[in-house]
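In what follows, a structure is listed as structure tokens, so that the remarks can point back to it.
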Number of protein chains: 2
Amino acid sequence: MRSGPLAATSLFGYATRLRSLPLVKKSTFPTPQDAEAAFYEALEAAELEAMMEVWAEDEEIVCVHPGGARLAGYDQVRSSWAQIFGSGQRLKIHVSDQVVLSGMMLAIHSVHENILVQGESRARPPVAVTNVYLRTGNGWRMILHHGSPAPQAPRAPAESPKILH
Amino acid sequence: MRSGPLAATSLFGYATRLRSLPLVKKSTFPTPQDAEAAFYEALEAAELEAMMEVWAEDEEIVCVHPGGARLAGYDQVRSSWAQIFGSGQRLKIHVSDQVVLSGMMLAIHSVHENILVQGESRARPPVAVTNVYLRTGNGWRMILHHGSPAPQAPRAPAESPKILH
């Protein structure tokens, strides 16, 4: 869905912006999927610079870690990842159940993160995640990451006693 | 941000689609803000039909209630609201701290919901929420709602002991 008569104009605009950019060392992610892969690689590797290359440099980016507060703006988001990676905890993450809602300039990925913490024998309960990517002049970048712990049985909402709304 | 040279083409495409639509009784929301207002009105009134008028009729819509599983598709989303409204619990919701990330066809609103449950004297801890709206041929519709309980002090992430990542 979400494709239509804007495609040609939009692609032209995109190419024009790309040509006018100065040379930069930052990674370029040609698709939202590429940005998502880089996000989880950086998360598993606990590499702050690689993580922040995935994010748009924007004051309007948003990050909600599972159980955490809503963080807004590049500085808050960067600080949170620095804190998390600084803890020394290492994670293995298997992403599943992806639902994609994509437009020309924005893409929304809803996924489950299945997280194994190094040193623990059993996976944690899945995390329900919304990832949003923006097509910038320099490829796709993350602009929002919202994670929340999900019940063990993701397809049985009636079993969850905690639903407020 | 996110506006640009596509505006004229896109508005033309939108008008064309509107003219070709059959007459329908459903509400039309001219802006994402209008759809968001209708969402919270329906939630406070616990009116299922009004709630589902806000949502796009799409198999790719996603809803994560606070503490709940990720629901995907119109039927799962509708059933969850029917269950919630059927409980008889009534809510008053004050929305604050809105951050808007908008494109021509998609709009992402990050907000805090401050919820007072009828019969309770104190507000619950805030809920961090990501709402996503899609511009359809019949106005803006919600395509994703993701809520998760946030710590009481939304701007002090270091105080939260539950951050996994």
Side-chain angles (χ1 to χ4, degrees), chain A residues 1-2 4-6 9-10 13 43 58 60-62 64-72 76 79-81 83-84 89 91 97 99-101 103-106 108 110 112-113 115 117 124 127-128 130 132 134 143-144 146-151 153-158 160-165, chain B residues 1-2 4-6 9-10 13 43 58 60-62 64-72 76 79-81 83-84 89 91 97 99-101 103-106 108 110 112-113 115 117 124 127-128 130 132 134 143-144 146-151 153-158 160-165:
Chain A
M1 63 175 192
R2 333 297 181 216
L6 302 182
T9 310
S10 183
L43 182 46
D58 199 304
E60 288 174 318
I61 60 176
V62 169
V64 183
H65 297 288
R70 194 271 304 269
L71 309 172
Q76 284 196 6
S79 296
S80 74
W81 288 114
Q83 182 187 340
I84 289 165
Q89 192 180 54
L91 311 175
D97 306 311
V99 175
V100 172
L101 310 156
M104 290 302 298
M105 300 301 289
L106 289 165
I108 295 106
S110 169
H112 284 127
E113 294 174 357
I115 300 179
V117 180
R124 301 279 182 103
V127 177
T130 301
V132 180
L134 170 72
I143 56 169
L144 182 142
H146 186 166
S148 60
R155 292 199 177 84
S160 167
K162 288 194 293 180
I163 288 181
L164 178 59
H165 87 79
Chain B
M1 65 175 191
R2 332 299 180 215
L6 301 183
T9 310
S10 183
L43 182 46
D58 199 304
E60 288 173 320
I61 60 176
V62 169
V64 183
H65 297 288
R70 194 272 303 267
L71 310 173
Q76 283 196 6
S79 296
S80 74
W81 288 114
Q83 183 188 339
I84 288 165
Q89 192 179 56
L91 311 174
D97 305 311
V99 175
V100 172
L101 312 156
M104 291 302 300
M105 300 301 288
L106 289 165
I108 295 104
S110 169
H112 284 126
E113 295 174 357
I115 300 179
V117 180
R124 301 280 182 103
V127 177
T130 301
V132 180
L134 169 73
I143 57 170
L144 182 142
H146 185 166
S148 60
R155 292 197 178 86
S160 168
K162 289 193 292 180
I163 288 180
L164 177 60
H165 87 80

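Letters go in sequence order (proteins before strands), and every chain restarts at 1.
- Among B/V132, B/T130, B/V99, the one residue that satisfies the side-chain contact (heavy atoms from CB on, under 4.5 Å) test with A/L144 is B/T130.
- Heavy-atom minimum distance, A/S148 versus B/G147: OG-O, 4.4 Å.
- Closest approach of A/P151 and B/A69 over heavy atoms only: CD-N, 3.5 Å.
- When side chains are defined from C-beta on, B/H112 counts as touching A/R70, because their heavy atoms get closer than 4.5 Å.
- In this structure, B/L71 CG and A/S110 OG are separated by 9.5 Å, a value rounded to the nearest 0.5 Å.
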Can you check side-chain contact (heavy atoms from CB on, under 4.5 Å) on B/I108 and A/L106, steps first, answer last?
-> CA-CA 9 Å; B/I108 295 104; A/L106 289 165; 3.8 Å; yes
